Q: 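Would you mind keeping the following structure in view while I ask a few things?
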Amino acid sequence: MTTARPSVVVFDYGFGNVHSAAKALEEAGADVELTADRTRAVEADGLVVPGVGAFAAVVEGLRRAHGDEVVDRRLAGGRAVLGICVGMQVLFSGGVEGGTETEGLGEWPGIVERLDAPVLPHMGWNTVEAPGDSVLFAGVGDERFYFVHSYAMRAWTLEPYGRFAAPKITWAEHGERFVAAAENGPLSATQFHPEKSGEAGIRLLRNWLGSL
Amino acid sequence: MTGSDVATRVIPCLDVAAGRVVKGVNFLNLRDAGDPVELARLYYAQGADEITFLDVTATIEDRATMYATVTATAEQVFIPLTVGGGVRTVDDVVRLLAVGADKVGVNSAAIARPDLVDEIATRFGAQVLVLSLDVKRSAPAGRERYPSGFVVTTHGGRTETELDAIAWAREAIQRGAGELLVNSIDADGTKQGFDLELVAAIREISPVPVVASGGAGALEHFAPAVAAGADAVLAASVFHDGLLSVGQVKGALRAEGVTVR
């Protein structure tokens, strides 16, 4: 049993408020490094992929920094990856923004699309509906989390496969239901910003760190 | 289509000059009210949903101080941070996001050059761009120029622009503004309540979130702003003076059936 703080790389490829994510992870108990160095990103105990802005720009930025390879290599080794906001969206097969579909990293099936809601962006603190066995939401399933987005994944289509553990999907609602978080083996993601979700967000990050 | 359980946000606004919090009564008399980082931490502990910094001097020397304030706050306060005041270029936005801001407020520079709104939204997405409007009721004789009865002002309300507030809000949204911060110059500093007609008029045409600002002076002022259509309520001096806490405002909203965090 070790009491060492887990090492986490926040992938710093130019698309996200990386400092906030780093500080929140430190608060939650991690040793954090901001870098886009591939070796460091592959070797850390955990990798956080933030993302802010347009789907196409984030995918392009991530590929340019070889973030897609880093994610693939980590997942092949069963090593934890956490995508946040657009950093979650790009894990799906694709995204449609402004009528144009862009290919995503394809770790999960499905196309990210614009929510049908009277007020967009969905900006603010919303409730979530987490499964009882969720690791991320242990102790914070009744709390609110901070969302800011107009696009989301509205259906979860990856079915449990053979001996693979069933993915744990957390839902939220703004105009329509969408995936607020997913926990699928080493790959987790949140549509909201845990690093901007106050104490509940810190607790969620601590839960993730505890799983590393 | 179904609903949303998203909570109404309560946002303390800190007017900052030279690294200190100030709040002007009708913007004319500035009065020192403390250290911005300390105040932001206090509001975070009270349950604030977001913090807004407004750089009210925006001189070159003060900019660097402001960046340091933003960074120090973002490192300790784990809620969204909006920074406005003196934002004139895409580079200003790059810098503010880099030092820890989550959203950036744009006001007079967008009036002077509306393309700035498109440029920021294209580069960073609408969600980072808060269009700030300082709005005044126009004189009855001004109805031809300002059909809505509300005129956009600059310089803290001292200068009237050619823009009708509703027309400008509509245009800014089309250009990519992701949120509207609607500040009533008439109500600001009066502590007599928000300009509810203004909030309602903006809500009527806005598919993006609307933040009501200006005039909050008592607990009973907040729920009517939400009823008029605000997604968030912003106040400054009532919080800085210790007259009201964020928790009290949320309690008052909750008592009126408004969903809060």
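We use all heavy atoms of the structure for the numbers below, so side chains are in, but hydrogens, waters and symmetry mates are not. The shown structure was predicted, so the numbers you read here are calculated from the model rather than taken from an experiment. Within every chain, numbering begins at 1; the chains are lettered A, B, ... in the order of the sequence lines, protein sequences first and strands thereafter.
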Q: Need one label for Ala24(A): side chain, backbone, both or neither, based on atoms under 4.5 Å from any heavy atom in chain B.
A: both
Q: Under 4.5 Å heavy-atom distance to chain B, tell me which part of Leu115(A) shows up: side chain, backbone, both or neither.
A: neither
Q: Taking only residues two or more places apart in sequence, or in another chain, which ones meet Asp37(A) in a salt bridge (Lys or Arg N to Asp or Glu O under 4.0 Å)?
A: none
Q: Roughly how far apart are Ser197(A) OG and Phe78(B) CZ, rounded to 0.5 Å?
A: 11.5 Å
Q: Could you look at Gln76(B) and say if it's the side chain, the backbone, both or neither that has a heavy atom under 4.5 Å from chain A?
A: neither
Q: So which of Pro80(B), Gly125(B), Gly47(B), Ala74(B) has the largest heavy-atom pair count under 4.5 angstrom toward chain A?
A: Pro80(B)
Q: By a 4.5 Å heavy-atom criterion (distance strictly below it), what part of Ala98(B) contacts chain A: side chain, backbone, both, or neither?
A: backbone
Q: Just wondering, are more than 12 heavy atoms of other shown residues or ligands nearer than 6.0 Å to CZ in Arg154(A)?
A: yes
Q: Does CD belonging to Glu204(B) count more than 12 external heavy atoms closer than 6.0 Å?
A: no
Q: Say you draw a straight line from CD of Gln127(B) to CZ of Phe147(A); how long is it, rounded to the nearest 0.5 Å?
A: 15.0 Å
Q: Answer yes or no: are there more than 12 heavy-atom neighbours, outside Asp142(A) itself, under 6.0 Å from its atom CG?
A: no
Q: Which residues satisfy the salt bridge (Lys or Arg N to Asp or Glu O under 4.0 Å) test with Arg41(B), sequence neighbours excluded?
A: Glu38(B)
Q: Give the interface residues of residues 166-177 of chain B toward chain A, defined by a heavy-atom separation under 4.5 Å.
A: none
Q: State which residues pass side-chain contact (heavy atoms from CB on, under 4.5 Å) with Ala41(A); sequence neighbours excluded, sorted by chain then number.
A: Val9(A), Phe11(A), Leu47(A), Val70(A)
Q: Can you tell me how far CD of Glu75(B) sits from CD of Glu26(A), rounded to the nearest 0.5 angstrom?
A: 8.5 Å
Q: Taking every non-hydrogen pair under 4.5 Å, which of Ala101(B), Ala126(B), Gly100(B) racks up the most with chain A?
A: Gly100(B)
Q: Mind ranking Val208(B), Leu97(B), Asp49(B) by heavy-atom pairs under 4.5 Å with chain A and telling me who comes out on top?
A: Asp49(B)
Q: Measuring heavy-atom distances to chain A, does Ala232(B) have an atom under 4.5 Å in its side chain, in its backbone, in both, or in neither?
A: neither
Q: Which heavy atom of Met123(A) sits nearest a heavy atom of Pro209(B), and at what distance?
A: CB-CG, 4.0 Å
Q: I would like to know whether Val119(A) and Arg203(B) meet side-chain contact (heavy atoms from CB on, under 4.5 Å); could you show each step before the answer?
A: CA-CA 10 Å; Val119(A) 175; Arg203(B) 168 81 291 157; 3.7 Å; yes
Q: Mark yes or no for whether Arg261(B), through its side chain, and Gly124(A), through its backbone, hold a donor-acceptor pair below 3.5 Å.
A: no
Q: For Thr259(B), which atoms come within 4.5 Å of any heavy atom of chain A: side chain, backbone, both, or neither?
A: side chain
Q: What do you reckon, is CD of Glu220(B) surrounded by more than 12 foreign heavy atoms closer than 6.0 Å?
A: yes
Q: Working to the nearest 0.5 Å, report the span between CG of Asp102(B) and CD of Glu195(A).
A: 7.5 Å
Q: Please tell me if the side chains of His122(A) and Val6(B) come closer than 4.5 Å, counting only heavy atoms from C-beta onward.
A: yes
Q: Heavy-atom pairs under 4.5 Å with chain B are the metric here; pick the option from Glu199(A), His193(A), Lys23(A), Lys196(A) that has the most.
A: Lys196(A)
Q: So for Val260(B), is it side chain, backbone, both, or neither that comes closer than 4.5 Å to the heavy atoms of chain A?
A: backbone
